[in-house]
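Start at 1 and go down the list; that is how both ligands and their atoms are numbered. Please read all numbers here as calculations on a predicted model, not as lab measurements.
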Amino acid sequence: MTQSTKRDVSPMTSKRKSTDQIELGKGDALLVIDIQNDFLPGGSLAVPEGDQVIPALNGYIDQFSNRQLPVFATRDWHSSNHCSFIRQGGPWPEHCIADSKGAEFAADLHLPVSIHVISKGTDAEQDSYSGFANRTFKEQLDNAGVSRLFIGGLATDYCVLNTVRDALNFHYKVLLLTDAIRAVNVRRQDGENAINEMIQKGAIPITLTMIR
Ligand code: VGL
Ligand code: ZN
């Protein structure tokens, strides 16, 4: 009715179409990071509320699977003498030891049969928070013609952060699934700082309801 109503309403409706809705298509891939028992409540390196990302991730998996778009899942896959373990002088309790129950993907995560599994942290001498530490990951993305990566999982302030940094450095377009990440928060602000950094570097924050 008034001028201010007009100014407020019409530009927002046109903006909403371009920024609040995301159409999936060729070149898109989903990357689910480290949804393993040891990072979930009851696990040896439990991320607070880590299990709460699973329903949203299942929703994203459905969206990508329905369109036959590729889904990748990283897993932390350590030897029992991994350098990141406290016993070896590292910062973490033992976690995600290859082939152990704690290293298994969460049973209620609905990974498709076509899932591409990316193992990382397999070298005992090196901690690798990024999925790109596995050199074959980049090759697989290139072979699949992926240009846009939708990234969620655990933990916001370690593996998600480092994977997103690498993805942006490799010039992938990155969509950060803010309803499907949780932080360890060794320091109280770590998760928030990580999200701010990822967005500042170019990651676009989205939620499941924006996908159509
Ligand atoms: C991770 C701590 C230790 C992660 C892996 O995947 O975020 N965090 N190892
Ligand atoms: Zn680890």
Side-chain angles (χ1 to χ4, degrees), residues 30-54 56-57 60 71-107 109 111 115-138 149-169 174 176-199 201 203 205:
L30 176 63
L31 177 53
V32 175
I33 296 187
D34 293 9
I35 304 300
Q36 295 167 273
N37 293 327
D38 274 341
F39 292 130
L40 300 172
S44 64
L45 182 42
V47 177
E49 304 180 346
D51 54 332
Q52 292 183 17
V53 304
I54 293 176
L57 286 173
Y60 288 106
V71 180
F72 293 83
T74 65
R75 63 181 182 188
D76 216 22
W77 202 247
H78 297 317
S79 58
S80 56
N81 63 342
H82 190 259
C83 63
S84 77
F85 296 167
I86 291 164
R87 201 151 48 88
Q88 314 293 327
W92 306 116
E94 296 190 7
H95 63 277
C96 298
I97 292 173
D99 296 313
S100 69
K101 189 80 194 165
E104 285 177 15
F105 291 119
L109 182 69
L111 293 176
I115 187 73
H116 304 277
V117 175
I118 309 295
S119 301
K120 64 180 174 60
T122 52
D123 180 352
E125 305 306 323
Q126 213 177 316
D127 206 5
S128 306
Y129 293 130
S130 171
F132 288 94
N134 180 331
R135 311 307 311 186
T136 68
F137 179 41
K138 175 80 166 57
L149 277 174
F150 292 66
I151 302 179
L154 302 172
T156 309
D157 37 0
Y158 293 94
C159 194
V160 173
L161 172 63
N162 284 279
T163 303
V164 167
R165 279 177 180 158
D166 282 348
L168 290 168
N169 284 333
V174 173
L176 180 66
L177 314 181
T178 57
D179 51 352
I181 54 176
R182 288 295 186 281
V184 180
N185 284 330
V186 171
R187 287 156 305 218
R188 198 164 37 86
Q189 298 288 321
D190 283 354
E192 205 176 302
N193 290 342
I195 291 172
N196 290 338
E197 179 189 326
M198 290 185 275
I199 292 172
K201 289 192 160 137

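- Arg188 and Asn185 form no side-chain donor-acceptor contact under 3.5 Å, judged by distance and modelled atom types alone.
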Q | Pair Arg75-Ile118, side-chain contact (heavy atoms from CB on, under 4.5 Å): steps then yes or no | A | CA-CA 6 Å; Arg75 63 181 182 188; Ile118 309 295; over 6 Å; no

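- Atom numbering of ligand 1 starts at 1 in the shown order; those under 4.0 Å from a heavy atom of Cys159 are 4 (C), 6 (O), 7 (O).
- Looking only at heavy atoms of the protein, atom 5 (C) of ligand 1 is closest to Asp76 OD2, 3.1 Å.
- Considering both main-chain and side-chain atoms, His95 comes within under 3.5 Å of ligand 1 through a nitrogen or oxygen pair.
- When the N, O or S atoms of His95 are ranked by distance to the Zn ion (ligand 2), NE2 comes first.
- Set against the non-hydrogen atoms of Lys120, the atoms of ligand 1 under 4.0 Å away are 6 (O).
- The nearest pair of heavy atoms linking His82 to Asp127 is CE1-OD1, 3.3 Å.
- Looking at Ala155 next to ligand 1, an N or O pair under 3.5 Å apart turns up.
- Here the protein heavy atom with the shortest distance to atom 1 (C) of ligand 1 is Phe39 CZ, 3.7 Å.
- Of the angles at the Zn ion (ligand 2), the one spanning NE2 of His78 and OD2 of Asp76 is 90° when given to 10°.
- Judged by the shortest distance from any of its heavy atoms, Gln36 lies outside the 4.0 Å radius around the atoms of ligand 1.
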Q) Taking it one step at a time, do Leu109 and Val32 satisfy side-chain contact (heavy atoms from CB on, under 4.5 Å)? A) CA-CA 10 Å; Leu109 182 69; Val32 175; 4.1 Å; yes

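- A perpendicular orientation is assigned to the rings of Trp92 and His95, their planes being inclined by more than 60° (bins at 30° and 60°).
- Residue-to-ligand polar distances keep Tyr158 apart from ligand 1: every N/O pair is separated by 3.5 Å or more.
- Given atom 6 (O) of ligand 1, the protein heavy atom at minimum distance is Asp34 OD2, 2.4 Å.
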Q.
Between Thr163 and Phe132, does the side-chain contact (heavy atoms from CB on, under 4.5 Å) criterion hold? Intermediate values first, please.
A. CA-CA 6 Å; Thr163 303; Phe132 288 94; 4.0 Å; yes

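- Note: no N/O pair closer than 3.5 Å links Tyr129 and ligand 1 by distance alone.
- Using bins of under 30°, 30° to 60° and over 60° for the plane-to-plane angle, the ring pair Phe85/His78 lands in the perpendicular bin.
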Q: May I have the step-by-step check of salt bridge (charged side-chain N to carboxylate O under 4.0 Å, His left out) for Asp166 and Lys138, ending in yes or no?
A: CA-CA 10 Å; Asp166 282 348; Lys138 175 80 166 57; over 6 Å; no

